[in-house]
Structures are given as structure tokens and as C-alpha cells.
Amino acid sequence: MSDLLDITRRAAALAREKGATDASAGSYRARHVEVAWRDGKVEKVSEATTRGLGLDLYVDGRYAAVSTSDLRPDALDRFVEDAVALARTLAPDPHRRLPEPELYRGQANVDLQLEDPDYGKVDATRRRAEAEAIEAAARGVPGASAILSVTTSVSDTRSESALVQTNGFEGERRGTDFWIGAEVTVLDPDGRRPEEYAASGGRFRSAMEAPEAIGRRAAERAIARIGTRKGESAVLTMALDNRASGRMVGMLFGPLAAAAIQQKRSFLEGKIGVQLGSPLLTVKDDPLVPRGLGSRLYDGEGIAARPFPVFEEGVLRSYYVDTYYGRKLGLPPTTSRSSNLAWALGGRSQAQLLTDLGEGVLVTGFLGGNSNGTTGDFSLGVRGFRVRGGRLAEPVGEMNVSGNHLELWKRLAAVGDDPYPYSAMRTPTLVFEAVQFAGT
């Protein structure tokens, strides 16, 4: 038993002793180290260790959620006593109670490999050397004379957490992650200063690309933005780069939350079983991916993690349902938030998809804009490259794409074979037909 689990058990027990009917106690501790390097020198070195405890209290039909960072025994005792007293002053809520214990059962017996055993081997000298090497590689690419600034970073985190619920759940987890990145600014002859970035990382240090690869890619992307011009207004085929498509997917998945459904803030309300996308849209939520950035054996409520379909051939199959809003909606809980997304991938690379596309736009990034979760309408600033004759042509920017998600996803015409590995969404290149672009 870890000391963190012991503290969490004590907080849950104290809540019962002080008069709570039930309680859920969750604690965490994390150490984060980062080296930031800018234009030939160290810009920042930081190391921070944080810890805290959150407590959900159920007191005579009333509910309160409180938190503290002071985990000393005496302080914890006073904190819990005050929190229970606070809960007694609130209005009753019949839907607020712990999950049914059967939801805790059936936890997968797998090693998700969330903690790199070699975490302790990384030291300050190595972090600094890598941050410096990223800049050197960026300034060594063809056209580097246009570079104004290079900012790089190398970071790593080790975290642990514990969850105890007074109706029978206990769990612990530990994890690490490592990240490396660069941002490059260049000078365009017209005076503008385009920026681009590259990054990689994961649960294990081996998931990080070499510093030289990150530096080169960030610089090449920035230099490729020189000469950007506003494209024409037209209805065109849009390819979303795998790194950028997570923004659009997030706008589709956000309204799947049960809270949004119950509060009438979702354009997906009442759409279970309805064909919302093209037959190419098949996505599963999979929390059991080894080393996955969103992987877990249980969620924040202690519910045993299981894969489940979200979209199957364009048909909506599931919402993200926590126990509270599930009771209000009369829906069985799935989980409160997404884990890893598993896509039904196509068999072609991005280059092959662009060849097939012929004429259109490859969107590599979004610049502002909004998506209305209630109506599904969106309008987003984009940048990327014009595609002509199946090849990348001039860089374009200062353009908008607009439409409605209920129409857009029906126009999904192709899915790439290239899930983006540095996000739990793991989005591939996505191609949409007949998208409205506004430019000149």
C-alpha cells in the first residue's frame, strides 16, 4: 500500500466519522520537470511537485465537492469536518450518490504500461543537451536564414493517484510522460512572421523522436509558410492533416457528454441510432491501449474501463455518460470522459489521398473560430496548402471554413492510415467533400 492510498483511505474514513453517509476521496501527486531553450541559451528550468486531495461528500441527500493541498493529518481532520458541515447547508439532490458497486467489477487484468521504469535515468544535463540539439537542427535546414527565433522544450512528468469510495472501491495508478517540442518563427519578405511547431512524446521516453528530427520538422514547416496568401472563396475538397483533425473531432465529441445532452446544449441529443456520418466514420473508445495517453483501468468514478463503440459506419451508438447525468437521463453509464479513440483506418497514406483529391486544400492548422455545441454550426479560421493536380502547391491562410457538423461528417470521403500518435484522439488524415471556404 502506498502512502498516498493510505492518506486517501483516511480521508474517506474521516468523512464517515464526521457524519457523511458516503464519500469519494481522490488524491494525486506529480513531479514535472521542464527545460526551455530559446535562441542559443536556457530560457527557463523548472521543477515542481504538486499534490492534492479532492473529496466528494454525500450527506443526508446533499452533495458537496471540496479539495485541499494540505494533507497533514491535523489539517485533513479539520478540512473534512468543515466540508461535512458545508454539505449540510446545501439543497438535497436525489441523483447525487456513489456509483452502484457492480460498476466497479470486471476491471481488465492487463498491464497498460503507463510508467516508464527508466524515468529516474533522465537528468538535467541530458534535458539541456536535447533542448540545445533541437535548435541546432532547426537552424541547419535549407532556408534557415529566414529564421527569426527558435524556442524548444524538453519535459517529463511522473504522477500517481489513488481513489477510495466508501461503498467498496479502491484503486491506485502511476504514470509517466515525456515530451519534446520546438516552435520556429520566420520572416516573410512581406514583413509577416509565420510560426510553426513540431512535438512528440508519450508514456515512455522511447516514444519521443530524436531532437534533430523535431528541430528539422519545425523549421521546415515554418519555412514552408513563407509566401502564404489568402485563397479564393470556393466549395472545395478539404483534407485535414492528422495533427490538425483533432480540433474538428473534438467539436464533434464534446456534445456527446451526458451533461450537455441533459442540459439541452447538444446537437446530438436524441441521435442514438441515427446515421450522422458517412459509412467511413467508425470510432471506438478504447481505454485499454498499452502505453496509450488516455489509457486507464477505471475512470474518475471508479467505473471499470471497457471499450465501446461511439460511431459505427456513421451511426451514433453511445454517449459519454457519468452516473449523475445517467440517472437524470435514465441512461446506463458508460464513462464520464473519453479515453483513447480507435479509428477504422483506410489503406492509403496522406500523399496518396492528396493524389486522389486532385483539387482542394490541405488544412494543417486552425486559427480561432468557434463551434456551437447546441446547433452544430461552426466557423473556423484555417491555414494550410492549396492542392493542385494532387500535389501541394502554395501555402494559404486568412481563410475560413464554415458549415454544420450534421452535414460535414456525412461528407467524409476518405480516412488515412496515419493516426496521430501524440494525442489520445489518434486522429488520421480526414478528407471531406464540398466544404465551403471563404477567402478572397
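Numbers for residues simply follow the sequence, beginning at 1. Hydrogens, waters and symmetry mates play no part in the numbers below; they use all other heavy atoms, side chains included.
- If you take CE on Met208 and CD1 on Ile180, they are separated by 4.0 Å, rounding to the nearest 0.5 Å.
- Closest non-hydrogen pair, Leu297 versus Leu288, comes out as CD2-CD2, 4.2 Å.
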*Can you check side-chain contact (heavy atoms from CB on, under 4.5 Å) on Tyr119 and Arg174, steps first, answer last?*
CA-CA 12 Å; Tyr119 172 84; Arg174 298 169 63 93; over 6 Å; no
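- The pair Lys18-Glu81 meets the salt-bridge criterion, since a charged nitrogen lies less than 4.0 angstrom from a carboxylate oxygen.
- Taken to the nearest 0.5 Å, the OG1 atom of Thr429 stands 6.5 Å off from the CG atom of Leu353.
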*Could you walk me through whether Arg296 and Thr335 pass the side-chain hydrogen bond (donor to acceptor under 3.5 Å, both in side chains) test, one step at a time?*
CA-CA 11 Å; Arg296 59 191 185 229; Thr335 187; 3.0 Å; yes
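- The shortest distance between side-chain heavy atoms of Val396 and Phe437 does not fall below 4.5 Å.
- Listed by chain and number, the residues in a salt bridge (Lys or Arg N to Asp or Glu O under 4.0 Å) with Arg105 amount to none (sequence neighbours excluded).
- At least one cation-pi condition fails for Arg317 and Phe308: the charged atom is not both under 6.0 angstrom from the six-membered ring centre and inside a 45 degree cone around its axis.
- Counting all heavy atoms, side chain and backbone alike, Leu236 lies closest to Gly360 at CB-CA, 4.3 Å.
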*asked:* The test is side-chain contact (heavy atoms from CB on, under 4.5 Å); show your working for Arg221 and Thr364 and say whether it passes.
replied: CA-CA 10 Å; Arg221 285 174 172 169; Thr364 59; over 6 Å; no
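- Distance check, rounded to the nearest 0.5 Å: CZ of Arg10 to CG of Leu76 gives 5.5 Å.
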*Any chance you could lay out the side-chain contact (heavy atoms from CB on, under 4.5 Å) test for Gln350 and Leu362, step after step, and finish with the verdict?*
CA-CA 10 Å; Gln350 184 179 106; Leu362 171 66; 3.7 Å; yes
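- With a 6.0 Å radius and a threshold of 12 heavy atoms from other residues, nucleotides or ligands, Lys271 has its NZ atom above the threshold.
- Side-chain contact between Glu313 and Val315: absent, with no pair of heavy atoms (C-beta onward) separated by less than 4.5 Å.
- Between Asp299 and Arg337 there is no salt bridge, since none of the side-chain N atoms of the basic residue sits less than 4.0 Å from a carboxylate O of the acidic one.
- Salt bridge Glu100/Arg327: present, at least one basic N to carboxylate O contact under 4.0 Å.
- Looking at Pro92 and Arg62, their side chains come closer than 4.5 Å, going by heavy atoms from C-beta outward.
- At a threshold of 4.5 Å between non-hydrogen side-chain atoms, the residues Trp343 and Leu281 count as touching.
- Residues Tyr422 and Gly201 approach most closely at CD2-O, 3.2 Å, considering heavy atoms.
- Around the CZ atom of Arg205, the shell of radius 6.0 Å holds more than 12 heavy atoms that belong to other residues, nucleotides or ligands.
- Between Arg225 and Pro194, the shortest heavy-atom contact is CB-CB, 3.6 Å.
- Contacts classified as salt bridge (charged side-chain N to carboxylate O under 4.0 Å, His left out) and involving residues 369-393 (residues at least two apart or in different chains) are given here: Glu196-Arg383, Glu232-Arg386, Glu359-Arg386, Arg388-Glu394.
- Here the side chains of Phe267 and Leu406 are in contact, with some heavy-atom distance below 4.5 Å.
- The closest side-chain heavy-atom distance from Arg426 to Asn340 is below 4.5 Å.
- Within 6.0 Å of CZ in Arg72 there are 12 or fewer heavy atoms belonging to other residues, nucleotides or ligands.
- In this structure, OH on Tyr320 lies 12.5 Å from CD1 on Ile261, to the nearest 0.5 angstrom.
- The pair Asp3-Arg29 meets the salt-bridge criterion, since a charged nitrogen lies less than 4.0 angstrom from a carboxylate oxygen.
- The two atoms that bring Asp417 and Gly346 nearest to each other are CB-O, 3.3 Å, heavy atoms only.
- Relative to the six-membered ring of Tyr324, Arg96 meets both conditions, a distance below 6.0 Å and an angle of at most 45° to the axis.
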*So Leu240 and Met248, side-chain contact (heavy atoms from CB on, under 4.5 Å) or not? Walk me through it.*
CA-CA 9 Å; Leu240 281 180; Met248 191 68 77; 3.9 Å; yes
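- Atom OG1 of Thr151 sits about 12.0 Å away from atom CH2 of Trp37, to the nearest 0.5 Å.
- A salt bridge does not link Arg158 to Asp116: none of the charged side-chain nitrogens sits closer than 4.0 Å to a carboxylate oxygen.
- Salt bridge present: Glu130 and Arg126 bring a charged side-chain N and a carboxylate O closer than 4.0 Å.
- Looking at heavy atoms from C-beta onward, Leu163 lies in side-chain contact with Ser24 at the 4.5 angstrom threshold.
- In this structure, OH in Tyr298 is found 10.0 Å from CD in Glu170, a value given to the nearest 0.5 Å.
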May I have the list of side-chain donor-acceptor pairs in residues 50-58 shorter than 3.5 Å, sequence neighbours left out?
{"from": "Asp56", "atom 1": "OD1", "to": "Tyr63", "atom 2": "OH", "distance (Å)": "3.3"}

*asked:* side-chain hydrogen bond (donor to acceptor under 3.5 Å, both in side chains) for Asp285 and Ser338? Distances and angles first, verdict last.
replied: CA-CA 7 Å; Asp285 191 279; Ser338 64; 4.8 Å; no
